[in-house]
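Structure first, commentary second.
Counting begins at 1 with the first residue of the sequence. For the numbers below, each heavy atom of this structure counts, side chains included, while hydrogens, waters and symmetry mates do not.
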Amino acid sequence: MRRFFSPRQLAHAPTQELHNGAFNAYAETPDRARAILTMIGGAEEPADHGLVGIEAVHTPDYLAFLRDAPVLWRAAGRPGDAIPYVFPIVGRRPLRLDRVDALMGRYSFDATTPITLDTWDAAYWNAQTALTAVRTVLGGERAAFALCRPPGHHAGADYCGGYCHLNVAAIAAQAARDAGVERVAVLDIDYHHGNGTQDIFWARADVFYASIHADPATDYPFYWGHADETGEGAGEGTTLNLPLPHGTTLGTFRQAQAAALGAITRFGPGLLVVSFGADTWEGDPISHFALRTPDYALLARDIAGCGWPTVIVMEGGYAVDALGANVAGFLSGF
């Protein structure tokens with residue numbers, strides 16, 4: 001399987017995040033990507049496809065914010081990385097906002113996603129990695145792996161959060177649609193619900209979103225991912241959420257994945273995007289499922305057996321010492 005990654009994705013390296021009531025060392029470190037690269041034997045440099053694929057998913061004002069926020073932060077005399085601390089509770093009025101703190105809250109939904117001077121460049125090449133994987137599969141490869149770092153599935157069209165700035169799975173899915181694929185499915189098997197991906201395709205009939213994740217009644221991102229969320233308007237029935245309890249092991253997860261694959265089969269996609277997170281592993285420091293390393297090859301084999309052209313984008317997984325083996329195991333299933 002061809003694999004893609006740019007060293008420029010390593011430049012995004014915040015020092016800390018606000019998580020569970022305290023400042024902690026940033027969990028989504030560049031070492032995650034390095035560990036994966038070591039185990040999968042490296043990756044090809046992606047091509048530069050420009051902004052078109054990114055702008056097809058994210059709003060112009062949000063993209064300007066990602067580029068400008070760290071400069072505005074320093075102009076305001078703030079040390080360190082830009083981190084929001086105030087958020088609108090209900091809706092967001094279309095006000096003119098000048099102060100960087102207001103902008104941070106307008107375009108973020110948590111305080112775990114700092115923006116550094118290197119964030120935009122890393123996110124840009126993150127998107128190029130996903131776009132190159134799509135081009136590769138559309139060119140005839142059965143599957144391709146985009147080592148996306150930072151991850152993407154928590155980012156919406158106009159907001160960041162959950163370590164995510166650009167939604168690489170959505171960018172990949174939209175790129176396939178724009179290239180002429182009539183229907184695209186996204187299968188999200190990260191521990192956390194991909195709220196951003198769900199929001200982006202919520203009212204669309206041409207992209208099916210299925211997610212298997214920790215129950216949002218107990219786990220981040222809390223406000224999305226409940227089983228009764230199925231889409232609306234033209235998108236009614238094209239969102240499928242399968243929340244699972246703490247302690248979930250292979251049998252239960254595989255059963256949920258089979259249900260998701262069955263729904264995707266009925267949808268009939270021309271291409272599948274897999275948002276793969278290895279934070280479902282039994283030793284992940286911020287998650288509570290109990291999958292083991294050999295399980296990932298079985299899960300991947302079930303997906304590959306459906307026969308769809310597949311783009312795999314990397315999402316979470318924070319047990320760095322085990323991450324490479326878990327990712328390599330999943331890729332081996334293809």
Side-chain angles (χ1 to χ4, degrees), residues 1-13 30 33 37 42-72 103 107 113 115-141 143-160 163-184 186 194 196-197 199-201 204 206-207 270-275 309-315:
M1 182 190 299
R2 292 180 67 185
R3 309 169 299 275
F4 300 97
F5 178 77
S6 170
R8 285 164 283 203
Q9 294 167 245
L10 299 172
H12 171 72
L37 287 168
E44 300 175 55
E45 182 81 20
D48 188 347
H49 302 285
L51 284 167
V52 174
I54 298 171
E55 292 172 338
V57 169
H58 294 282
T59 64
D61 57 331
Y62 173 65
L63 295 176
F65 159 76
L66 280 183
R67 290 189 292 262
D68 296 344
V71 176
L72 296 172
L103 291 169
Y107 295 109
T113 314
I115 300 175
T116 76
L117 288 170
D118 298 305
T119 297
W120 169 254
D121 193 53
Y124 176 87
W125 283 100
N126 206 23
Q128 304 312 314
T129 297
L131 289 167
T132 301
V134 172
R135 297 289 181 92
T136 298
V137 171
L138 294 179
E141 294 286 337
F145 175 53
L147 205 184
C148 291
R149 187 272 153 187
H153 69 158
H154 293 304
D158 66 345
Y159 62 79
C160 59
Y163 308 141
C164 304
H165 303 89
L166 297 179
N167 193 310
V168 287
I171 288 169
Q174 186 61 49
R177 284 287 297 114
D178 291 341
V181 179
E182 184 177 354
R183 289 182 299 277
V184 177
V186 179
T197 313
D199 278 356
I200 289 165
F201 298 119
R204 287 177 51 173
D206 57 338
V207 179
L271 182 139
L272 176 70
V273 177
V274 178
S275 275
T310 302
V311 174
I312 304 163
V313 298
M314 191 69 212
E315 298 285 0

So, for [X] and [Y], which heavy atoms are closest and what is the spacing to 0.1 Å?
{"X": "Val134", "Y": "Ala175", "value": "CG1-CB, 4.3 Å"}
{"X": "Val168", "Y": "Ala130", "value": "O-CB, 3.9 Å"}
{"X": "Leu37", "Y": "Ala43", "value": "CD2-CB, 3.9 Å"}
{"X": "Ala170", "Y": "Val57", "value": "O-CG2, 3.7 Å"}
{"X": "Pro70", "Y": "Ile115", "value": "CD-CG2, 3.7 Å"}
{"X": "Val186", "Y": "Ala173", "value": "CG2-CB, 4.1 Å"}

Taking atom [atom1] of [X] and atom [atom2] of [Y], what is their separation to the nearest 0.5 Å?
{"X": "Glu55", "Y": "Tyr62", "atom1": "CD", "atom2": "OH", "result": "14.0 Å"}
{"X": "Phe65", "Y": "Cys160", "atom1": "CZ", "atom2": "SG", "result": "5.0 Å"}
{"X": "His58", "Y": "Gln174", "atom1": "NE2", "atom2": "CD", "result": "11.0 Å"}
{"X": "Thr310", "Y": "Ile312", "atom1": "OG1", "atom2": "CD1", "result": "6.5 Å"}
{"X": "Glu315", "Y": "Cys164", "atom1": "CD", "atom2": "SG", "result": "6.0 Å"}
{"X": "Asp121", "Y": "Gln9", "atom1": "CG", "atom2": "CD", "result": "10.0 Å"}

From CA spacing to verdict: side-chain contact (heavy atoms from CB on, under 4.5 Å), Phe4, Leu147:
CA-CA 6 Å; Phe4 300 97; Leu147 205 184; over 6 Å; no

[Y] backbone acceptor or donor facing [X] side chain under 3.5 Å:
{"X": "His153", "Y": "Asn167", "result": "no"}
{"X": "Arg149", "Y": "Asn126", "result": "no"}
{"X": "Thr132", "Y": "Pro46", "result": "no"}

For [X], which residues count as a salt bridge (Lys or Arg N to Asp or Glu O under 4.0 Å) partner, sequence neighbours excluded?
{"X": "Glu141", "value": "none"}
{"X": "Glu44", "value": "Arg2"}
{"X": "Arg8", "value": "Glu45"}
{"X": "Arg177", "value": "Asp206"}

With a 4.5 Å limit on heavy-atom distance, are the side chains of [X] and [Y] in contact?
{"X": "Val273", "Y": "Val207", "result": "no"}
{"X": "Leu103", "Y": "Asp68", "result": "no"}
{"X": "Leu10", "Y": "Phe5", "result": "yes"}

Run Leu166 and Ile171 through side-chain contact (heavy atoms from CB on, under 4.5 Å) and show every step you take.
CA-CA 8 Å; Leu166 297 179; Ile171 288 169; 4.2 Å; yes

So that I know where these two stand, are Tyr107 and Tyr159 an aromatic pair - ring centroids less than 6.0 Å apart?
no

Could you work out, with ring-ring contact (aromatic ring centres under 6.0 Å, His included) as the rule, every residue matching His12, not counting sequence neighbours?
Tyr26, His165

Residues two or more places apart in sequence or in another chain: which of them pass ring-ring contact (aromatic ring centres under 6.0 Å, His included) with His154?
Tyr220

Greater than 12 external heavy atoms within 6.0 Å of Arg135's CZ
no

Distance-only polar pair, side chains of Asp118 and Thr116, donor-acceptor under 3.5 Å
no

Can you confirm whether the side chains of Gln128 and Ser6 place a donor and an acceptor under 3.5 Å from each other?
no

Could you give me the CA-CA distance, side-chain angles and deciding distance for Val313 and Phe145, then say whether side-chain contact (heavy atoms from CB on, under 4.5 Å) is met?
CA-CA 6 Å; Val313 298; Phe145 175 53; over 6 Å; no

side-chain contact (heavy atoms from CB on, under 4.5 Å), that's the test. Do Trp120 and Leu63 meet it? Break it down for me.
CA-CA 9 Å; Trp120 169 254; Leu63 295 176; 4.0 Å; yes

Please say which of Thr59, Ile200, Asp199 ends up in a side chain to side chain contact (heavy atoms under 4.5 Å, CB included) with Asp158.
Thr59

